[in-house]
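Since the structure comes first, as structure tokens, the remarks are kept for the end.
Values below: all heavy atoms of this structure, side chains included; hydrogens, waters and symmetry mates excluded.
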Amino acid sequence: MESTFKAGYESYFHNKGKYQNPYNRGTGEYNSFERGWTQALKRSVKEPNKPPITSVDDKPKSSTEKEATTKLNAEAYANRKGY
């Protein structure tokens, strides 16, 4: 795992979902950090009290579940980024 991606992933949990990217906007490091942070967000949104998704079996199976999860992920991302 790329170090800036991992830093972003860990930052999500360490900062309790608050987005704090230390890299300059538009750089590769900024983008990698954001991808890691977003991945942590996606994995934590499914059910906040459950551990992150670790296998394909944990993912939603029906199209209705997938749509609901996608919408929830998008809303959570927008809220945490301040949009």
Between the OG atom in Ser11 and the NZ atom in Lys6, the distance rounded to the nearest 0.5 Å is 13.5 Å

Side-chain donor-acceptor contact under 3.5 Å, Glu34 with Tyr19
yes

Check whether any side-chain N or O of Ser44 sits under 3.5 Å from a backbone N or O of Ala40 as a donor-acceptor pair, and report yes or no.
yes

Which of Tyr12, Phe5, Phe13 passes ring-ring contact (aromatic ring centres under 6.0 Å, His included) with Trp37? It is Tyr12

Q.
Would you say Thr4 and Tyr23 are linked by a side-chain donor-acceptor pair, where the criterion is simply a distance under 3.5 Å?
A. no

To the nearest 0.5 Å, atom OH of Tyr9 lies from atom CD of Glu2 at 16.0 Å

- Do Arg43 and Gln39 meet the criterion of a side-chain donor-acceptor pair at a distance under 3.5 Å? yes

In terms of heavy-atom contacts, Asn24 and Tyr30 come closest through O-CB, 3.1 Å

Rounded to the nearest 0.5 Å, the CZ atom of Arg25 sits from the CG atom of Asn31 at a distance of 10.0 Å

